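Scroll down for the structure; my scribbles are underneath it.
Source: prediction; values computed, not measured.
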Amino acid sequence: MSNRITAIRGFNDILPPESRVLSHIEYTAIEVFTSYGFSEMRLPVVEKTELFSRTLGETTDIVEKQMYTFSDLSGTPLTLRPEGTAGVVRAYIEHALYTKAPIHRLFYRGPMFRYERPQKGRYRQFYQVGVEVLGDEGPFVDAELMEMLSVILERVGVKGAVFEINSLGCPGCRQPFRQRLGGFLEELKERLCGDCTRRMERNPLRALDCKNPTCRELTTNAPDIYDYICEGCSAHFDGLRAALDGFGVPHRVNHRMVRGLDYYTRTAFEAVVDSPRLGAQNTIAAGGRYDGLVKELGGPQTPCFGFAIGMERVALLVDRSLIGEEPLFYLIPLGTEPQQRAAGLASAMRMAGMRCMMETKRGASLKSAMKRADRLGAAYVLLLGEDEMKERSLTVRNMTDGTQRRLPLDTFIEELRQGLP
RNA sequence: GUGGGCGUAGCUCAGUGGUUAGAGCACUGGACUGUGGCUCCAGGGGUCGGGGGUUCGAAUCCCCUCGCCCACCCCA
């Protein structure tokens, strides 16, 4: 047992029935995305390391210590994608999509990888579905996409999500603010917690997000980004709030919210849920605007907005009773002649869109076959034995209430589909 | 990277120095030879996470190690 090969830390096998929850979220999200005009982009899971180190920021945690980086046999440094946006932008430029339409609405899905210590709602391989709008400067789309996200959450039964929004300004106005904030923190250096003194150099904005009560106290009078952002950014943020009101999306301004990636500009947001089911986590989806990224990667200046949903986190909150399942029909043939006949019947049922399984164990007793049907959660058992064959019929047993009736072989599919007994 | 909790059957766990390590659930079969769930009976299944030590004797005590979970950090 101990020398068996197991999956590696933070890489989980997602088995039924849990896998169904993930599929349900993904399916729902894609359906909603599609209704908002998004199309799928299928992207590689591995990219050149440089793509991430350049776009996410050299000093971000992800780039510094969370990337799965390795060299392939040719010696090229590669990285398992830690997030989706960089790849989308890379592909957008590589295929010159900006020459094909002024605005693109794209979505992606799949696993992301970050080397972190796993805990509830956080894994080394985790799944996201995300969207990106490229070529629209907002702020109306920003709000539209948040509204789209709220629709998805509502459909999968996640209650109590709050949208926290903030403006991070643009490179022009963020720089002075950062400096001013750096100076402010410098003076408090001795009294701030260890984490915050470390944050000061790397990313001073993070200190604003510290949970330590002393730090919170000390930073109550910290400079507010609102006093620094330029007119354009300020108008954009006001526009966003108005648009959110227009869409009826409840939101909360959080001037201290910070994003972990450097490429964000202006709008940043998080969908936050306060629930013990999420463990220490509270963000289930997040995103924002990245108006400078396309240009930085060699494309034309292109304003963009996007977000990603953390599927495992949403899975912790979904209302599982909303995940419906088609009834399962379990076909049990008894004897050689019925067995030969059964394959055709099962095939016809499946063709008609019904979910059907057959007892495949040869010579199994009816009792054990019934037991298997029960365990598989069959809604109905279809019994085909010598008696039935003689009168060209089928015994249908309702596994919930135990009632049975005979239906003719020629018409039973029709009858079952019309009204389930 | 740091801290805490936990590793005994497929799962949930009992057993804290003394025969051959147990229970419930699950699995297979039977009672009930064409009828599941409830009941009863039987059966299969264990390097007690791994290694070392103490002891006449270790699942149990000591040391080391690996793994899982949770939290910090950070994030989806």
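- Among the nucleotides B:C69, B:G36, B:C72, the one closest to the side chain of A:M370 is B:G36.
- With distances taken from any side-chain atom of A:T395 to the nucleotides B:U35, B:A76, B:G36, the minimum falls on B:U35.
- In the interface, the side chain of A:R122 is paired with the base of B:C73 through a donor and an acceptor atom under 3.5 Å apart.
- For A:K120, the side-chain atoms get nearest to B:A71 when compared with the rest of B:C69, B:A71, B:C74.
- In A:R355, the CZ atom is crowded: over 12 heavy atoms of neighbouring residues, nucleotides or ligands sit closer than 6.0 Å.
- The CG atom of A:L376 sits 20 Å away from the P atom of B:U35 (whole-angstrom rounding).
- Checking the phosphate oxygens (OP1, OP2) of B:C72, a side-chain nitrogen or oxygen of A:Q119 falls inside 4.0 Å.
- Rounded to the nearest 0.5 angstrom, A:L345 CG and A:F412 CZ are separated by 5.0 Å.
- Of the candidates B:A71, B:U35, B:G34, B:U35 carries the atom nearest the A:R397 side chain, counting heavy atoms from C-beta on.
- OP1 or OP2 of B:C74 has not a single side-chain nitrogen or oxygen of A:R114 nearer than 4.0 Å.
- The side chain of A:R313 approaches B:A76 more closely than any other nucleotide in the set B:A76, B:G34, B:C27.
- Listed candidates were B:G3, B:G34, B:A31. Nearest to the side chain of A:R117 is B:G3.
- Checked against B:G36, B:A71, B:A26, the side chain of A:A280 finds its nearest nucleotide in B:A71.
- For the pair A:K367 and B:G36, the criterion of a side-chain N or O lying under 4.0 Å from OP1 or OP2 is met.
- How far CG of A:L56 is from OH of A:Y264: 9.5 Å, rounded to the nearest 0.5 Å.
- A distance of 6.0 Å or more separates the ring centres of A:F38 and A:F107.
- For B:C66, neither phosphate oxygen OP1 nor OP2 lies less than 4.0 angstrom from any side-chain nitrogen or oxygen of A:R9.
- Between the CD atom of A:E388 and the C1' atom of B:G34 there is a distance of 8 Å, rounded to whole Å.
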